[in-house]
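For ligands, and for the atoms within them, numbers begin at 1 and follow the listed sequence. Note that the structure is a prediction, hence the values are computed from the model and not measured. Heavy-atom basis, side chains included; hydrogens, waters and symmetry copies ignored.
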Amino acid sequence: MKYNKMYILVILLIQSISISAQTEISDRIHQSIRLETDSIFDRLVEIRRDFHKYPELSSEEKRTQEAIKKHLLELGLRVETDIYGYGIVGILEGEKKGKNIAWRADMDALPDDSPDNVDFKSMTKGVKHSCGHDVHMTIALGIAEVLAKNKNSLQGTVYFIFQPEEETFEGAKGMLENGLITKFKVDEIYGLHVTPASVGQILVKPNEMFPYQKEVRIELKNTLSEEEAKELATKIRNSLIRSKDGSKPWELQSLIDPEIGLTNPNTIFKDFLIAEEYFRIYSENDKLYIEAQLFETDSARLKNIIPTIKKVIEDENYSPQLLSVSYIRGNPIVQNDPKLTNSSINVLDSIYGKGIVTACYGQVPYSNDDFAYFQQKIPGVYFFLGGSNFEKGIIAMMHAPYFGVDEECIRIGVRAFSSLIFERLK
Ligand SMILES: [Zn+2]
Ligand SMILES: [Zn+2]
């Protein structure tokens, strides 16, 4: 095919006009996302406090589901509740064709008797939103509202997945097994968790956000004394654990330390194997069992764990007593799609300025999220959202008795992730 020069110039000119028009539309949308988020913020705080006052345990999220349904219907979204448990999906169809993107929020609270240092205390004795899922649901509703108001410019469909039973690791699996992704074809999935980082921060890294979690069981003939079993367990533990320069990655307060915490490239949280302090030792039917939870950052080293344990048993002359060493449990972990992670960072940087996203270099021990099950089926990114305000004494340490959240993180989350979804739909 031949083109003359003039023809090419005209084409280039048209293209550049259309690109700059698109950029202008984009800028306008993100400006509107900002304003819209600010205008609904106080109402979102009320919604969060309502969730906080009425927390529900895994598989009991009935009232929570009803509240979400009411909000979604008011926004004009289609809702689907017949998937799994008290899960609910809100469907927002843009005016134009595009991709299908899902945003996931978890719904359940925790059994927690600790005092609640807020005015909007939990009304249910022994149950508390001390993992921040009240905030996650609120952010999802906020994004739904902001994007619904910009529906005319939206290219594609957004699925807001409100997932029950995260704490028991049943909800994501349940929704997937009951046809969530055969019903809705989802191209990409996103979600977040509040973390003890400062409010205003968004942390993310490609690949693993948490260490691999393995539960190991050693089965022996029951001929060891209690003392011998304890001693063996200690030797096994000592031979397994690994940390950078003798650091203590099991001390979670170090997560936010600027020198050794998650955001420093030299973090102590990128190379470790942590074992629980006390292994479970018990006997049953003439057998002795030693069990422990292990957290390993490096997938390549997982294969060394069982041989290391066997070696210690051999060195301690218990080979004749050894019956087996095996993994009894192990969940998939959150692993971000590297390409999507990088393009998400680029999108957020270009709209909100470099520095909106903080690079995360480590994996958070003892934690995980069943968002991992979605990522096994759909490429996705899971973000950490800073929820602490150290000056105000608010520390968003998940599952801790003093857990608190600076609600300003709702504004950060709604604004940033509405923009991200809008751009990723294109
Ligand atoms: Zn939790
Ligand atoms: Zn959680």
Restricting H399 to its N/O/S atoms, the closest one to the Zn ion (ligand 1) is NE2
Presence of salt bridge, E36 and R415, under 4.0 angstrom: no
Check: Hey, is the Zn ion (ligand 2) within less than 2.8 Å of some N/O/S atom on C131?
Finding: yes
min-distance N/O/S atom, E167 vs the Zn ion (ligand 1), resolves to OE2
Original post:
So, H193 and the Zn ion (ligand 2): N/O/S under 2.8 Å, yes or no?
Top reply: yes
When rounded to the nearest 0.5 Å, the distance separating CD of E219 from NZ of K287 is 4.5 Å
Sidechain N-carboxylate O distance under 4.0 Å for K221, D286: no
Against the six-membered ring of Y327, is K214 placed for a cation-pi contact (under 6.0 Å from the centre, within 45° of the normal)? yes
